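Written out below as structure tokens is the structure these notes cover.
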There are 2 protein chains.
Amino acid sequence: MPQQKQPLTAMDATDAMDTTDQADAMDTADRANGTDAPADAVDAITGQWNRERPDLDTLPMAVFGRIYRLSRIMGDRMEKEYQRYGIGRGEFDVLATLRRSGAPYTLSPRQLSATLMLTTGGMTGRLDKLEKAGLLERTPDPGDRRGLRVTLTDKGLGVIDQAVGSGLALQREPVDGLGPQDAEQLAVLLRRLMAATDASGRGA
Amino acid sequence: MPQQKQPLTAMDATDAMDTTDQADAMDTADRANGTDAPADAVDAITGQWNRERPDLDTLPMAVFGRIYRLSRIMGDRMEKEYQRYGIGRGEFDVLATLRRSGAPYTLSPRQLSATLMLTTGGMTGRLDKLEKAGLLERTPDPGDRRGLRVTLTDKGLGVIDQAVGSGLALQREPVDGLGPQDAEQLAVLLRRLMAATDASGRGA
DNA sequence: GGTAAGTAGCTTAGCGCTAAGCTACTTACC
DNA sequence: GGTAAGTAGCTTAGCGCTAAGCTACTTACC
């Protein structure tokens, strides 16, 4: 059982409070967050930056810092959940991609590696593991002698149908905490942020 | 120059559209997202799940799927930016933690590894690299003969002060695309989601 | 039909991380 | 002062990934 998880990514760090006057930093953070909500770990970080570099606008950090952090925390939690089914996050993604493609739950390794943005080397490893566990089968492609087809077994179908439900239940808890209206509103704002992120990426 | 990046995490996959009728899937997605906004990659995935497993509520996926995706996309972009300064994301985090702790920019390896949620082994590697690059120094702790202190060099201070500005500029582009009010609203909703996530994690 | 270019999947080397275990201390307790 | 427990930082083995290069084809073109 791991005691440490993935590394935090840029601006995702917390608890550097050890090194400063906690109360003072929290005051700075509360001023920075500009709401009645209690300051969180990201407010603490933006507060430190505001003190050290008052020339910087830290709003982007307040948004993306929380996105990095939520991604890591929830990702770790999902990973732990999938272990109940004997699979990791990477294996889950392969099974899920096959499952939601619909019957007969068959794709080529190339389609899978393109979808999951994985190199063929990485894909080979995941398929080896899943085939050994009896969750999928590799068969020759009848129409292309170079090609393979990867198909979910009955066992694999059963595992993914259970696992996707468990994973959704885990994510539903905090989302329901927002209430249905705010959860929808958050999804809408995130969709717009994704579109804006894609747009700014193309420019660069 | 890598052509493939980090693996996508659960429900973060896109482009499995290869395997289905694109127009049909998009219709499903548009119905699912419930707004006038054009369907995006995550709408396509929730649309596939709605078709295959109509019993599932996919709203949590619509929220966390975008969080995973944004984290990966922006994280990769930041990584590429930091390479201009000769450092990776991990090294950036170490320098940033020292920088925002304030003068004299000194912490122990233990404080750093706790803050960055890294094992001591991982920390040793990052410190080795940064020390070799002349961006920080390791000196004995005068008060504890077991301990070390890690301090930013002038060169390290210069690098991190530049890099943090570049990174913020990169993140500011999409955030500004939302407009100031919606960007603030997004930060507020994300703070609430983080609090709800922490709360549901404690219960489990 | 022959040749060049493209593609599928696999193998290998290297990288950065975790987990586990090590030494060299310090701290708490008697 | 002596001993037990705790802590700091380092080293090693193992894991999953990427990048690069391989073989075995298929496709396009003459």
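All chains are named by letter (A, B, ...) in the order of the sequence lines, taking the proteins before the strands, and each is independently numbered beginning at 1. All values reported here derive from a predicted model rather than from experimental measurement.
- Closest to the R126(B) side chain, of the nucleotides dC17(C), dT26(C), dG9(D), is dC17(C).
- Sequence order on DNA chain C of the closest nucleotides to G125(B) and G147(A) puts G147(A) first from the 5' end.
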- Item | Steps toward side chain to side chain contact (heavy atoms under 4.5 Å, CB included) verdict (R99(A), W49(B)) | CA-CA 9 Å; R99(A) 175 65 184 84; W49(B) 279 115; 3.7 Å; yes

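- Between R138(A) atom CZ and dA8(C) atom C1' the separation is 12 Å, expressed in whole Å.
- Across the protein-nucleic acid pair, L130(A) atom CG and dG9(C) atom C1' stand 17 Å apart, rounded to whole Å.
- Remark: E131(B) engages R138(B) in a side chain to side chain donor-acceptor pair (under 3.5 Å) (not counting sequence neighbours).
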- Item | Derivation and outcome, side chain to side chain contact (heavy atoms under 4.5 Å, CB included), residues R192(B) and D182(A) | CA-CA 10 Å; R192(B) 286 183 50 210; D182(A) 284 349; 2.6 Å; yes

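- Distance check, rounded to the nearest 0.5 Å: OH of Y82(A) to CG of D93(A) gives 7.5 Å.
- Shown here, dC25(D) forms a base pair with dG6(C); the pair counts as Watson-Crick or G-U wobble because both key distances fall under 3.5 Å.
- Of all non-hydrogen atoms in P104(B) and T151(B), the two that sit nearest each other are O-CG2, 3.6 Å.
- In the set dT11(C), dT18(D), dT26(C), dT18(D) carries the atom at the smallest distance from any side-chain atom of L118(A).
- Across all strands shown, the partner of dG14(D) is dC17(C), judged by Watson-Crick or G-U wobble contacts whose two distances both fall under 3.5 Å.
- dC30(C) and dG1(D) make up a base pair, with Watson-Crick or G-U wobble contacts both under 3.5 Å.
- T120(B) has no side-chain polar atom (N or O) that falls below the 4.0 Å cut-off from OP1 or OP2 of dC10(D).
- Remark: P of dT26(D) and CZ of R110(A) are 17 Å apart, rounded to the nearest angstrom.
- Considering only side-chain atoms of T119(A), the nucleotide from dG9(D), dT26(D), dT18(D) that sits closest is dT18(D).
- Heavy atoms of D141(B) sit nowhere under 4.0 angstrom from any nucleic acid atom.
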- Could you give me the CA-CA distance, side-chain angles and deciding distance for L148(B) and L127(B), then say whether side chain to side chain contact (heavy atoms under 4.5 Å, CB included) is met? CA-CA 12 Å; L148(B) 275 186; L127(B) 294 179; over 6 Å; no

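- Nucleotide dC17(D) holds its P atom 14 Å from the CG atom of L112(A), rounded to whole Å.
- The distance between atom CZ of R89(A) and atom C1' of dG16(D), rounded to the nearest whole Å, is 13 Å.
- Each of dT18(D), dT18(C), dG6(C) was ranked by its minimum atom distance to the side chain of R146(A); first place goes to dG6(C).
- Residue K129(A) places none of its side-chain N or O atoms closer than 4.0 Å to OP1 or OP2 of dC15(D).
- Regarding D93(A), its CG atom lies at a distance of 14 Å from the C1' atom of dC17(D), rounded to whole Å.
- Distance CG (D76(B)) to P (dC17(D)): 15 Å, rounded to an integer number of Å.
- When each of G143(A) and E91(A) is assigned the nucleotide of DNA chain D with its nearest heavy atom, E91(A) is the one assigned upstream, toward the 5' end.
- Contact annotation for R149(A): no contact, since no heavy-atom pair falls under 4.0 Å across all strands.
- Among dC10(D), dG16(C), dT26(C), the nucleotide with an atom closest to any side-chain atom of R145(B) is dT26(C).
- Residue contacts shown for G121(A) include a base, since a base heavy atom lies under 4.0 Å away.
- Rounding to whole angstrom units, CE of residue M123(A) and P of dC17(D) are separated by 9 Å.
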